[in-house]
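Worksheet: one structure, shown below.
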Amino acid sequence: MPEGHTLHRLAKNLTTLFAGRHVRASSPQGRFTEAAALLDGRLCAGASAYGKHLFIRFDRPEVVHVHLGLYGSFRSGSQPGPAPKGALRLRLETAESYADLRGATVCELIEPEGVGQILARLGSDPLQRKADPETVWTKVHRRRTPIGAVLMDQTVLAGVGNVFRAEALFAHGIHPLRPANTMTRDEFDALWLTVSIMLRAGVRVGRIVTTKPEHRDRRSGQARGEDAHYVYRRTDLPCRLCGTPVRKEELAMRNSYWCPNCQRD
DNA sequence: GCTAAATGTTGAT
DNA sequence: TCAACCTTTAGCT
């Protein structure tokens with residue numbers, strides 16, 4: 001289940017597996033058959049990610065554009081891959097490796113200009129080397145909508161989803177409902193830095209882990225599930241810092257979690 | 001074993 | 001505003 005870090009990790013992985021190789025493409029499910037036939041046997045040029053969008057390139061102008069949505073997944077492994085079953089949208093494979101795409105909101109073959117159009121409507125992605133917080137600040141300090149909604153708005157900042165929203169705001173004691181235009185420049189800079197660090201850690205680890213070891217319930221092993229977060233999905237459980245029950249409320253169509261004591265404004 | 005909810009967006013109404 | 005996407009997992013039984 002993907003926020004920006006998942007897509008960047010995936011792009012890296014697909015590039016390792018397929019760049020510079022001739023790749024077989026098929027759509028056992030049938031919803032991507034025509035495009036798969038066009039790409040079958042072509043030389044793969046690699047994959048890249050921006051925000052939550054993934055692009056796969058071949059030795060032809062068209063580009064595969066994928067958005068995983070809420071429960072899409074791109075799973076890879078060594079051959080022989082499992083027999084195709086269920087709604088397998090796209091399988092890419094070489095003699096050595098396979099990668100299976102399921103459940104994506106978007107899987108389409110687009111013209112090269114289409115990539116620019118998609119990037120044009122996205123805000124700055126903290127995972128890009130040239131990420132630009134200035135354009136994000138400009139939008140943030142003009143909006144009266146809650147900062148918790150603005151953080152999730154992909155036209156403002158690309159790659160942040162519900163987990164990073166909850167955890168980044170908690171890290172700075174900011175209430176999700178606080179109007180974005182009341183944020184000071186210092187507060188915004190700190191939040192941007194935190195989001196950048198959290199996303200990078202996510203790419204490295206392959207999961208979202210925001211808790212410091214001393215704040216976890218279990219002291220041994222890797223933090224998993226609820227143990228890996230301060231407030232996300234911890235409704236009514238005691239805040240790891242102050243013990244106040246964590247609250248939940250819907251914000252921007254998703255459940256928002258916060259500690260009413262640590263995040264007062 | 002079953003159900004509901006989930007790290008998200010699109011497109012119809 | 002809401003269904004669709006159609007998988008996975010947590011939390012019940």
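So you know, we letter chains A, B, ... as the sequences are listed, proteins then strands, and number each from 1.
Counting any heavy atom pair closer than 4.0 Å across all strands shown, A:Arg89 reaches sugar-phosphate atoms only and no base atom. At a threshold of 4.0 angstrom between heavy atoms, the contacts of A:Glu167 with the nucleic acid are absent.
Within the 3.5 Å criterion, the main-chain N or O of A:Ala104 finds a donor-acceptor partner in the side chain of A:Arg89. Between the side chain of A:His175 and the backbone N or O of A:Leu177, at least one donor-acceptor pair lies under 3.5 Å.
In this structure A:His141 satisfies the ring-ring contact (aromatic ring centres under 6.0 Å, His included) test together with A:Trp137, sequence neighbours excluded.
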- [ ] Start with the C-alpha gap between A:Arg240 and A:Asp217, add the side-chain angles, then the distance that decides, and say whether salt bridge (Lys or Arg N to Asp or Glu O under 4.0 Å) holds.
- [x] CA-CA 9 Å; A:Arg240 296 189 188 284; A:Asp217 295 333; 2.9 Å; yes

Open item on the list: Assess the residue pair A:Arg143 and A:Asp153 against the criterion (salt bridge (Lys or Arg N to Asp or Glu O under 4.0 Å)); give the C-alpha distance rounded to whole Å, side-chain angles, the decisive distance to 0.1 Å, and a yes or no.
Closed with: CA-CA 12 Å; A:Arg143 296 205 186 187; A:Asp153 184 339; 2.9 Å; yes

TODO: Check the pair A:Glu134, A:Arg185 against salt bridge (Lys or Arg N to Asp or Glu O under 4.0 Å), reporting the backbone distance first and the verdict last.
DONE: CA-CA 10 Å; A:Glu134 288 306 317; A:Arg185 183 61 203 253; 2.7 Å; yes

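One finds no salt bridge joining A:Asp100 and A:Arg75 here, because no Lys/Arg side-chain nitrogen approaches an Asp/Glu carboxylate oxygen to under 4.0 Å. Salt bridge status for A:Glu62 with A:Arg42: absent, with no side-chain N to carboxylate O gap under 4.0 Å.
The environment of CD in A:Gln79 is crowded: more than 12 heavy-atom neighbours from other residues, nucleotides or ligands sit within 6.0 Å. Crowding of A:Lys12 atom NZ: a count of heavy atoms from other residues, nucleotides or ligands under 6.0 Å not exceeding 12.
Applying the ring pair (Phe, Tyr, Trp, His ring centres under 6.0 Å) rule to pairs touching residues 83-129 of chain A yields nothing, sequence neighbours excluded.
Using a 4.0 Å cut-off on heavy atoms, the residues of residues 79-87 of chain A that approach DNA chain C are A:Ala87, listed by number. A heavy atom lying under 4.0 Å from DNA chain B marks none of the residues of residues 198-206 of chain A.
Ring to ring, A:Tyr257 and A:His229 are not that close: their centroids are 6.0 angstrom or more apart.
Contact footprint of chain A on DNA chain C: nucleotides with an atom under 4.0 Å from a non-hydrogen protein atom, first to last in 5' to 3' order, C:dC5 to C:dT8.
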TODO: Treat primed atoms plus P, OP1 and OP2 as sugar-phosphate and everything else as base, then score nucleotides 7-13 of chain B 5' to 3': B for base contact with protein heavy atoms under 4.0 Å, S for sugar-phosphate contact only, - for none.
DONE: BBBS---

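With both ends at atom C1', the span from C:dT1 to B:dT7 equals 23 Å, rounded to whole Å. Nucleotides B:dC2 and C:dC5 are separated by 23 Å at their P atoms, to the nearest Å. Spacing of P atoms, C:dT8 relative to B:dT10, comes out at 23 Å, to the nearest Å.
Relative ring orientation between A:Phe170 and A:Tyr230 is described as parallel, the plane-to-plane angle staying below 30° on a 0-90° scale split at 30° and 60°.
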